[in-house]
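Order of the sequence lines sets the chain letters (A, B, ...), proteins ahead of strands, with each chain counted from 1. Since the model is a prediction, treat every value here as computed from it, not as a measurement.
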Amino acid sequence: MAQVNSATDKFYITTPIYYVNDRPHIGHSYTTIAADCLARYHRLQGQQVLFSTGTDEHGQKVARSAAQQGVAPQEFADEVVEAFKLMWKRLHIEYDRFIRTTEPDHVVAAQSVFQRLVDSGDVYLGQYQGWYCVPCETYLRESDLEAAVCPQCGRPVEQVAEPAYFFRTSKYADRLQQYIEEHPEFIMPTSRRNEVLAFIEAGMHDACVSRSRTEWDIPVPVDYSQSIYVWLDALVNYLTVAGYPDDQQTFQTWWPPRVQLIGKDILTRFHATLWPAVLMALQVPLPGTIFAHGWWITEEGDKISKSKGNVLDPYNIARQLVDISNATTAVAVDSIRYFLLREVTFGLDGSFSWAALLTRFNADLANDLGNLLNRTLPLVERYLDSKVPQPGPGAGELADQIDKARTTVQQAMAAVSFRAALEAIWQLIAAANKFIDERAPWNLYKHAKLVELEAVLYDVLDCIRVIAIMIQPFMPAIADEIWRQLGLETTGTQQTWATCQALQLPPGIYIQPGAPIFPRVDIERSLKRLQGQVEAGEETQPSAQPPPVTITMDQFGKMELKVGTVVEAHRVRGADKLLRLLVDIGEDQPRQIVAGLAEQINPRELLSQQVIVVANLEPATIHGVQSQGMILAVGDKEPIALVTIDRECPPGSTVR
RNA sequence: GGCGGCGUAGCUCAGUUGGUUAGAGCGCGCGGUUCAUACCCGCGUGGUCGGGGGUUCGAAUCCCUCCGCCGCUACCA
């Protein structure tokens with residue numbers, strides 16, 4: 001496995017800057033949690049860390065969105081920035097710099113970069129002809145298009161023909177290719193690296209790096225009729241944070257980033273090609289590793305995905321977890337952080353399910369980690385008057401296990417393999433639990449083997465201390481709580497990686513037992529409850545088993561069911577399962593309804609079909625398309641058959 | 001269409017350069033223990049490593065082919 005770590009005392013790590021047109025969601029959160037975890041890990045190591053995240057605020061899309069809301073773009077951006085900052089605070093993310101592309105130092109940096117590229121001949125004035133997708137802020141070639149829509153988002157593109165500046169990406173293609181080939185750790189994971197190499201191999205076009213002047217964007221320094229292309233503008237943020245171009249001392253200190261985390265969508269075109277090529281042109285060192293991770297999607301057929309678009313917002317999930325488990329919010333948030341980094345190999349896509357989350361919560365957090373603490377402290381309370389004993393002879397028996405875990409975690413973290421790191425920590429937890437069973441301190445007490453008893457309990461407490469440190473990057477609040485319960489907070493002892501060794505727990509301090517950190521969850525009952533919540537507003541479930549709840553006639557009466565005739569049916573672009581239907585239910589306009597039927601039913605079969613529509617269902621936007629109702633279909637998770645009627649009825653007829 | 005990847009126990013996945021009886025966690029079964037949130041510890045259950053063919057003394061691991069899934073890329077004059 002490629003290692004991204006090397007022995008220096010500086011660690012600069014970045015997330016992408018997030019486009020302010022979006023509210024924070026799991027995509028942003030996942031990247032930022034992972035970055036926070038790496039940042040915390042390197043801080044533990046005693047390294048100086050610069051962890052940056054921020055917002056990308058320029059671009060036509062922002063200007064237009066602001067205009068639509070009747071506010072100035074800056075005001076619009078300010079508001080979204082607050083939403084991001086709040087989210088990061090809630091998710092226990094501690095960044096060092098929140099950079100906004102509208103900040104003065106960034107504007108200076110972006111213009112300076114542009115100027116230098118012009119001076120070096122890497123940027124030249126040309127003529128741009130082609131299309132532009134405003135929502136994606138992406139230039140498209142004729143060949144990229146399907147009809148007149150963007151291949152990525154399916155929305156209409158705009159034709160542009162104007163003078164524009166181009167960056168000579170082509171000039172750096174060979175060097176870049178060679179660099180990637182010679183540095184396996186530069187683009188990770190390997191599968192992505194292959195894709196990038198294939199992309200470069202296919203031939204690189206010079207990239208358009210300016211647009212005709214807009215008020216909102218950063219002007220091109222040499223030509224005020226032009227603005228800097230928002231993607232170039234955005235990429236420069238990584239330089240800005242490191243003090244480019246004027247603060248040479250800061251720049252020398254931090255540059256280049258050791259790790260840049262991004263989502264897989266912005267790897268090929270931007271971070272793996274344009275970005276390093278620009279750095280080459282600027283004669284600035286390249287980042288150590290650009291790591292592209294995958295996406296979180298909802299489990300296939302999972303009803304949760306339908307209920308609300310924001311359900312995959314980690315903080316939202318945490319709040320629901322609080323309801324289910326009675327854990328504190330801080331614990332729930334850390335549990336989500338744990339789940340996200342433990343469940344799926346970093347780099348691959350993952351599917352979120354409550355069953356998986358709750359299983360991890362019970363098995364890993366409550367049973368293994370939480371219970372280790374909660375079985376140990378009472379022993380110390382009872383047998384040793386809550387006082388951490390002297391290690392004494394025979395102590396240090398878990399030293400080998402601790403060393404092994406420490407080494408493995410180090411290797412894993414150096415390879416950005418969160419999952420492997422957590423597995424190693426959990427092996428240590430298991431070792432500690434086993435150690436207690438084998439040494440049975442309650443028997444030692446019974447037989448008055450006090451020296452041995454003290455040694456055993458010391459070892460376990462000491463091991464818990466090490467575990468608290470090791471989990472700190474992943475679950476900072478929980479690490480602190482364990483620290484507190486061990487009585488270490490009162491001593492001012494710091495969590496440092498160097499002390500992840502046996503026999504470092506100061507004797508003589510008093511433990512401070514608290515309530516169990518992870519209240520165990522009744523998974524089956526919780527899943528049913530979650531399912532119920534979702535289905536309440538969704539669908540009468542034709543369940544094989546008798547439904548556990550009854551509804552009143554009155555409740556049933558609130559549901560407006562109508563006969564509808566399908567007048568149009570198309571697939572939703574970019575969605576495998578979704579059909580966009582226009583259904584006449586006797587109103588002035590046919591209803592637009594999105595249905596997850598595309599895998600089972602050909603849209604053509606649906607034309608003129610009569611269906612049953614839930615007419616007063618709260619509208620929802622699914623995959624960017626508004627759905628103003630629901631079609632009844634048979635099937636628990638996947639639709640099997642459509643509910644229809646045995647003779648023709650006028651659209652809009654009431655169903656009772 | 002081209003390139004790349006994946007398909008391993010009921011579920012989620014590890015399996016280094018081919019080498020003794022294919023591993024982990026969860027689940028399930030049995031036993032132990034009682035300090036603990038019915039928890040922990042031990043043992044066990046369970047796989048024709050997608051199908052077929054080939055190379056080899058020997059292949060989950062290399063080659064070919066077929067099937068299924070995914071990603072990137074290109075859309076055919």
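- The distance between atom CD of A:Glu195 and atom C1' of B:C3, rounded to the nearest whole Å, is 10 Å.
- With sequence neighbours excluded, the residues that form a salt bridge (Lys or Arg N to Asp or Glu O under 4.0 Å) with A:Asp364 are A:Arg360.
- By the side-chain hydrogen bond (donor to acceptor under 3.5 Å, both in side chains) test, A:Tyr30 is found to be paired with no residue, residues two or more places apart in sequence or in another chain being considered.
- Comparing A:Lys434 and A:Asn194 along RNA chain B, the residue whose closest nucleotide (by nearest heavy atom) sits nearer the 5' end is A:Asn194.
- Between A:Lys434 and A:Asp437 there is no salt bridge, since no side-chain N of the basic residue sits under 4.0 Å from a carboxylate O of the acidic one.
- Ring planes of A:Phe270 and A:Trp231: parallel class, angle under 30° (limits at 30 and 60°).
- Here the separation of B:G19 from B:A36, taken at their P atoms, is 48 Å to the nearest Å.
- Residue pairs meeting the side chain to side chain donor-acceptor pair (under 3.5 Å) criterion with at least one member in residues 439-457 of chain A, sequence neighbours excluded: A:Glu397-A:Arg439, A:Arg439-A:Glu452.
- The separation between A:Leu357 atom CG and B:C26 atom P is 16 Å, rounded to whole Å.
- A:Glu423 meets the side-chain hydrogen bond (donor to acceptor under 3.5 Å, both in side chains) test with no other residue; sequence neighbours excluded.
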Restricting to nitrogen or oxygen on both sides, can you table the protein-nucleotides 9-16 of chain B pairs closer than 3.5 Å?
residue: B:C13; atom: O2'; partner: A:Arg419; partner atom: NH2; Å: 3.3

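- Contacts of A:Lys171 classified as salt bridge (Lys or Arg N to Asp or Glu O under 4.0 Å), with partners at least two apart in sequence or in another chain: A:Asp122.
- Side-chain nitrogen and oxygen atoms of A:Lys264 include none within less than 4.0 Å of the OP1 or OP2 phosphate oxygen of B:G71.
- The side-chain hydrogen bond (donor to acceptor under 3.5 Å, both in side chains) check on A:Thr345 picks up A:Arg419, with sequence neighbours excluded.
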Given Watson-Crick and G-U pairs under 3.5 Å, RNA chain B in dot-bracket ([ ] crossing, | other strand) is (((((((..((((.....[...)))).(((((.......))))).....(((((..]....))))))))))))....
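- Under the 4.5 Å side-chain criterion, counting only non-hydrogen atoms from C-beta, A:Val278 is not in contact with A:Thr169.
- Pairs passing the salt bridge (charged side-chain N to carboxylate O under 4.0 Å, His left out) check and including a residue from residues 470-483 of chain A, sequence neighbours excluded, read A:Glu481-A:Arg484.
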Side-chain donor/acceptor pairs under 3.5 Å, residues 514-524 of chain A, sequence neighbours excluded:
residue: A:Arg520; atom: NE; partner: A:Asn367; partner atom: OD1; Å: 2.8
residue: A:Asp522; atom: OD1; partner: A:Glu524; partner atom: N; Å: 3.4
residue: A:Asp522; atom: OD1; partner: A:Arg525; partner atom: N; Å: 3.2

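- A gap of 37 Å separates the P atoms of B:G54 and B:G44, to the nearest Å.
- For the segment residues 476-488 of chain A, the set of residues with a heavy atom within less than 4.0 Å of an atom of RNA chain B is empty.
- Rounded to an integer number of Å, the gap from CZ of A:Arg192 to C1' of B:C3 is 14 Å.
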Nucleotide by nucleotide, nucleotides 27-38 of chain B touches protein heavy atoms under 4.0 Å in the pattern (B base, S sugar-phosphate only, - none) ------SSBBB-
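- A heavy-atom distance below 4.5 Å is not found between the side chains of A:Trp275 and A:Leu286.
- With both ends at atom C1', the span from B:C13 to B:G47 equals 14 Å, rounded to whole Å.
- Between A:His293 atom NE2 and B:G71 atom C1' there is a gap of 15 Å when expressed in whole angstrom units.
- Separating the C1' atom of B:G53 from that of B:G15 is a span of 25 Å, rounded to the nearest Å.
- Atom CD in A:Glu438 sits roughly 8 Å away from atom C1' in B:C41 (whole-Å rounding).
- Look at the C1' atom in both B:C3 and B:U8: the space between them is 26 Å, to the nearest Å.
- Side-chain contact between A:Pro506 and A:Leu488 is present, with at least one heavy-atom pair separated by less than 4.5 Å.
- Remark: the separation of the P atoms in B:C49 and B:C76 is 43 Å, to the nearest Å.
- By the 6.0 Å contact criterion, CD on A:Glu181 is enclosed, its count of non-hydrogen atoms from other residues, nucleotides or ligands being greater than 12.
- Taking atom P in both B:U16 and B:G5, the straight-line distance is 15 Å, to the nearest Å.
- For B:C63 and B:C43, the C1' atoms lie 42 Å apart once the distance is rounded to whole Å.
- Nucleic acid contact class of A:Asp364 (heavy atoms, under 4.0 Å, all strands): none.
- Between A:Tyr179 and A:His183, the angle of the ring planes stays under 30°, which puts this pair in the parallel group of the 30/60° scheme.
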